[in-house]
Amino acid sequence: MPNFYHPDQIIRPEILALSAYHVPPATGMIKLDAMENPYPLPLVIRDEIAQLTADAPVNRYPDASATQLKATLRQALTISDDMDILLGNGSDEIIQIIAMALARPGAVLMSVEPAFVMFKMIAAFANIQYVGIPLQKDFSLDLETMLAAIAEHKPAVIFLAYPNNPTGNLFDPAAILSIIQATSGIVVVDEAYHAFADASFMDKLAQHPNLLLMRTLSKSGLAGLRLGLLIGRSEWLVQLEKVRLPYNIGIMTQLIAEKVLHHTAVLLEQAEAIKSERTKMRTFLGTIANIEAYPSDANFILFRIHAASQIFQALKQRKILIKNLDGTHPLLENCLRVTVGTPDENSQFCTTLHTILSESV
Ligand SMILES: *Cc1c(COP(=O)(O)O)cnc(C)c1O
């Protein structure tokens, strides 16, 4: 009998050192932790989807190049014909494709901190060195430090979320442009929250050969489908396509996404509802003493509160699940993040928070 290896002996040390991305159980909870759109699709669209799925040839592999879906995306998102599109099983997979393709020995993947945690995690998966540059105290870009770090590390890629997660703010576009111009590598502007922000780098793609733009349908109501896209010049996307697994976008995702994209008015309406609820929630949080609620251009609000971890637990006991960021980064001490839900969910969150605070005084 062979002497079997223990995982410690053959799993890469960077992987052993990681903790798996934790998705907390949410059954029976008011779920305001994951930036999901709280609204279901209208019944008429769901009926059309039911018919589509009934007729789908699931015995066949899906269209590997998803030609029709890409054409629909190009129209719905007004993507220029000069730019190529690469599809991912969520934008998470696109981050992974980029990291794998660029992981030459010594290559660096750079981002800011705090940022979307998958940038750092995927760097570890793909065996590319990660460098995270802290944001300023007000969560704006520290341009001077970024430019110095770019000169020092010569990153192959820089990821910037616009708006940023978990802080919710849009970085100064002029600062992002300085970064794009200063780096020799590529810059991926991750517009996961584009539906809730009135700003985009889409119209900057033509001028900057090292700029790539990432979007996802997850935050606009289709998180369950898993569809993200990367938009950019073919000189980059042709190479990245080689790393994409051939059938990464399943037939159901292709059919349903295409169908829903023909009803963008519905998604826009839902995004508008979320934006107006966001204003109400931030106003509410602002009325509570000792809460600092940060401005948001996304579908969530970051706020700082005394004894955040206890407040988080107390909300959870009352079946309201938000995200505890306390302890995840020095700049996020005592910070919680709440996703904007339906008016009913939001008012339950607000009243419950109010109750907890009045009890604990
Ligand atoms: C949620 C999120 C993503 C990932 O979205 P998927 O398309 O669901 O994988 C990417 N970037 C940022 C900044 C996010 O917050």
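Below, all heavy atoms of this structure are taken into account, side chains as well, without hydrogens, waters or symmetry copies. Start at 1 and go down the list; that is how both ligands and their atoms are numbered. Numbers for residues simply follow the sequence, beginning at 1. Bear in mind that the values here come from a model prediction, so they are computed numbers and not experimental data.
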### Task
State, without any angle test, whether Thr342 and Asp344 hold a side-chain donor-acceptor pair at a distance under 3.5 Å.
no
### Proximal ligand 1 atoms for Asp92, defined as those under 4.0 Å from one of its heavy atoms
4 (C), 9 (O)
## Note on the structure
salt bridge (Lys or Arg N to Asp or Glu O under 4.0 Å) filter on Lys120, not counting sequence neighbours, yields none
### Message
Side chains of Thr339 and Glu36 only: does a donor on one sit below 3.5 Å from an acceptor on the other?
### Response
no
### Query
Can a non-hydrogen atom of Gly228 be found less than 4.0 Å from any atom of ligand 1?
no
### Query
Without hydrogens or angle criteria, can the side chains of Ser296 and Arg337 be said to hold a donor-acceptor pair below 3.5 Å?
no
### Task
Identify, for atom 5 (O) of ligand 1, the protein heavy atom at the shortest distance, and state residue, atom and that distance.
Ser91 OG, 3.2 Å
### Message
Just to confirm my output: which protein heavy-atom neighbour is closest to atom 1 (C) of ligand 1, and how far is it?
### Response
Lys219 NZ, 1.4 Å
### Task
Check whether the ring centres of Phe300 and Tyr193 lie less than 6.0 Å apart, and answer yes or no.
yes
### Query
So which heavy atom in the protein is nearest atom 12 (C) of ligand 1, and how far is it from that ligand atom?
Asp190 OD2, 3.3 Å
### Task
Could you tell me which atoms of ligand 1, counted from 1 in the order shown, lie closer than 4.0 angstrom to a heavy atom of Ser218?
6 (P), 7 (O), 8 (O)
### Summary
re atom 15 (O) of ligand 1, the protein heavy-atom contact at minimum distance is Tyr193 OH, 2.6 Å
### Task
Check ring-ring contact (aromatic ring centres under 6.0 Å, His included) between Tyr130 and all other residues, then give those that pass, not counting sequence neighbours.
none
### Query
Does Arg226 have a non-hydrogen atom less than 4.0 Å from ligand 1?
yes
### Query
Which atoms of ligand 1 are found less than 4.0 Å from any heavy atom of Ala161?
13 (C)
### Query
So, Arg318 and Glu359, do they make that salt bridge, N to O below 4.0 Å?
yes
